[in-house]
Amino acid sequence: MVGYDSKADARSNSKLEVAVAGSVSGFVTRALISPLDVIKIRFQLQLERVCPSDPDAKYHGIFQAAKQIIQEEGPRAFWKGHVPAQILSIGYGAVQFLAFEELTVLLYQANLYQTHQFSAHFVCGGLSAGTATLTVHPVDVLRTRLAAQGEPNLREAIITMYRTEGPFVFYKGLTPTVIAIFPYAGLQFCYRSLKRTYDWVMPPDRKQTGNLKNLLCGCGSGVISKTLTYPLDLFKNHLQVRGFEYARSAFGQVRSYRGLLDLARQVLQHEDTRGFFKGLSPSLMKAALSTGFMFFWYELFCNLFHCIRREDR
């Protein structure tokens, strides 16, 4: 179960089990959705329109992009930046779920949980994701640059980035990330509200295990949260690759930005409001699958740990 449940104290997981379940769910999910993540980043960083009508566009559709990446770089390109991405997912999942569980317990003890469960999950989800983001953001920068075909490998990327851009390079894009992560994760963790809606629409069947419900409600919360916060995710990726535009020259036009506001102004000026949602299609597919799998695997492993403890008694 995601979040504190006073009726399930006997089957509550330990802090270690919560951290392990969060890490494993992040690890498995990242491995499965990495190709969509690479395509999403390529779309976001392409200054030309992502459509067949633009003759200068390198990528103009999900399937066309996938085919071209395979032809030019091979299938392994879909897992470029996968090592830092996995470090990111494992660390992020552990910190996020552990912080969320602890925060919901604190709210319950303060008598602020049961009567305001939706808002409690929103606030706790946002705070837990903010904590996880500050912890692993440097790895996220590395993952974005590798996926964007900028740096040759992890070790060389770290050394080159540090020498040429200084230590603060690993916190590029932090401002839009922190601004976006609170509502994004807060809406994700309203997942339990979607589960109650699911039960209302489709009354529970004792024969069902609930795994399908966990997956579908996770997908729904991912789509809702990503759609509402997408422009900030696009800004974050643009700012994270600022400083090595030379490495992007093979992918089309390059543009320099002085900061978040200048980036937003230039996108609006050159691409109008549609530029704020470039790459939305693969991003929504990724958000649906990643959030669905994240909650699915998390609840699965939490239940597995509970069954193991029960058999040991």
Side-chain angles (χ1 to χ4, degrees), residues 1-5 8 11-37 40 78-79 82 85-86 88-101 104 117-118 121-122 124-126 128-129 132 136 181 184-227 229 282-310:
M1 175 65 73
V2 178
Y4 182 73
D5 187 352
R11 61 183 297 273
S12 294
N13 295 98
S14 67
K15 294 179 181 179
L16 177 60
E17 290 171 341
V18 167
V20 171
S23 294
V24 174
S25 69
F27 177 85
V28 176
T29 299
R30 174 63 63 179
L32 294 173
I33 57 90
S34 182
L36 281 172
D37 199 29
K40 180 207 75 169
F78 291 117
W79 282 269
H82 193 59
Q86 281 295 11
L88 170 70
S89 298
I90 292 169
Y92 190 93
V95 175
Q96 183 183 35
F97 278 104
L98 183 58
F100 182 79
E101 299 291 342
T104 53
Q117 195 173 101
F118 180 89
H121 279 195
F122 181 84
C124 291
S128 64
V136 301
I181 198 63
Y184 176 64
L187 290 166
Q188 274 188 327
F189 276 92
C190 293
Y191 154 81
R192 277 182 65 171
S193 298
L194 285 181
K195 288 178 71 174
R196 287 198 297 272
T197 303
Y198 182 97
D199 288 338
W200 179 73
V201 175
M202 300 181 65
D205 185 340
R206 291 182 179 179
K207 295 180 181 179
Q208 293 179 351
T209 62
N211 289 336
L212 177 61
K213 177 174 69 174
N214 296 340
L215 183 61
L216 291 177
C217 292
C219 289
S221 65
V223 169
I224 293 169
S225 56
K226 178 57 72 176
T227 301
T229 61
S283 188
L284 286 182
M285 292 173 63
K286 177 207 163 188
L289 293 174
S290 63
T291 310
F293 283 137
M294 178 180 72
F295 286 117
F296 172 81
W297 291 112
Y298 177 76
E299 297 226 42
L300 187 67
F301 279 100
C302 281
N303 290 332
L304 177 62
F305 290 142
H306 170 66
C307 292
I308 292 173
R309 277 190 285 110
R310 187 172 58 185

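Hydrogens, waters and symmetry mates play no part in the numbers below; they use all other heavy atoms, side chains included. Quick note: residue numbers are just sequence positions, from 1.
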Problem - Minimum side-chain heavy-atom gap Ser89-Phe27 below 4.5 Å - result: no
Practice task
Nearest 0.5 Å please: distance from the CG atom of Leu88 over to the CD atom of Gln86.
Solution key: 9.0 Å
Fill in the blank from the handout: Output for pair (Tyr92 OH, Arg30 CZ), nearest 0.5 Å, gives 10.5 Å
Completion exercise
CG (Asn214) and CG (Asn303) are apart, to the nearest 0.5 Å, by 8.0 Å
Fill in the blank from the handout: Residues at least two apart in sequence or cross-chain that pass salt bridge (Lys or Arg N to Asp or Glu O under 4.0 Å) with Lys226, listed by chain then number, are Asp233
Problem - Approximate separation, where rounding is to 0.5 Å, of Ile33 CD1 and Leu289 CG - result: 8.0 Å
Handout entry: Nearest heavy-atom neighbours spanning Gln96 and Ala132
Key = N-CB, 4.0 Å
Practice task
Dump the intermediate steps for side-chain contact (heavy atoms from CB on, under 4.5 Å) on Ser14 and Glu17, then the final yes or no.
Solution key: CA-CA 5 Å; Ser14 67; Glu17 290 171 341; 3.2 Å; yes
Handout entry: CZ on Phe295 to SG on Cys219, rounded to 0.5 Å
Key = 11.0 Å
Handout entry: Where Ser25 and Phe97 come nearest, the two heavy atoms and their spacing
Key = OG-CE1, 4.0 Å
Fill in the blank from the handout: Shortest non-hydrogen pair, Tyr198 vs Leu216, comes out as CE1-CD1, 4.0 Å
Fill in the blank from the handout: One should read off an interatomic distance between Cys302 SG and Trp297 CH2, to the nearest 0.5 angstrom, of 13.5 Å
Problem - Heavy-atom closest pair, residues Leu194 and Ser221 - result: CD1-N, 3.3 Å
Problem - Within-4.5 Å side-chain heavy-atom neighbours: Leu32 and Phe293 - result: yes
Problem - Test item: Thr104 side-chain N/O and Glu101 main-chain N/O as donor-acceptor pair under 3.5 Å - result: yes
Completion exercise
For Ala287 and Ser290 the tightest heavy-atom approach is O-OG, 3.3 Å
Practice task
Provide the closest heavy-atom pair for Tyr184 versus Gly222 in the form atom of the first, atom of the second, distance.
Solution key: CE1-O, 4.4 Å
Problem - Asp37, Thr291, Thr29 screened by side chain to side chain donor-acceptor pair (under 3.5 Å) with Lys286, the one that passes - result: Asp37
Exercise for the section: Under the salt bridge (Lys or Arg N to Asp or Glu O under 4.0 Å) rule, what do Glu299 and Lys213 come out as? Steps first, then yes or no, please. Expected result: CA-CA 11 Å; Glu299 297 226 42; Lys213 177 174 69 174; over 6 Å; no
Exercise for the section: Report the relative orientation of the aromatic rings in Phe301 and Phe305; use parallel for angles under 30°, tilted for 30 to 60°, perpendicular for over 60°. Expected result: tilted
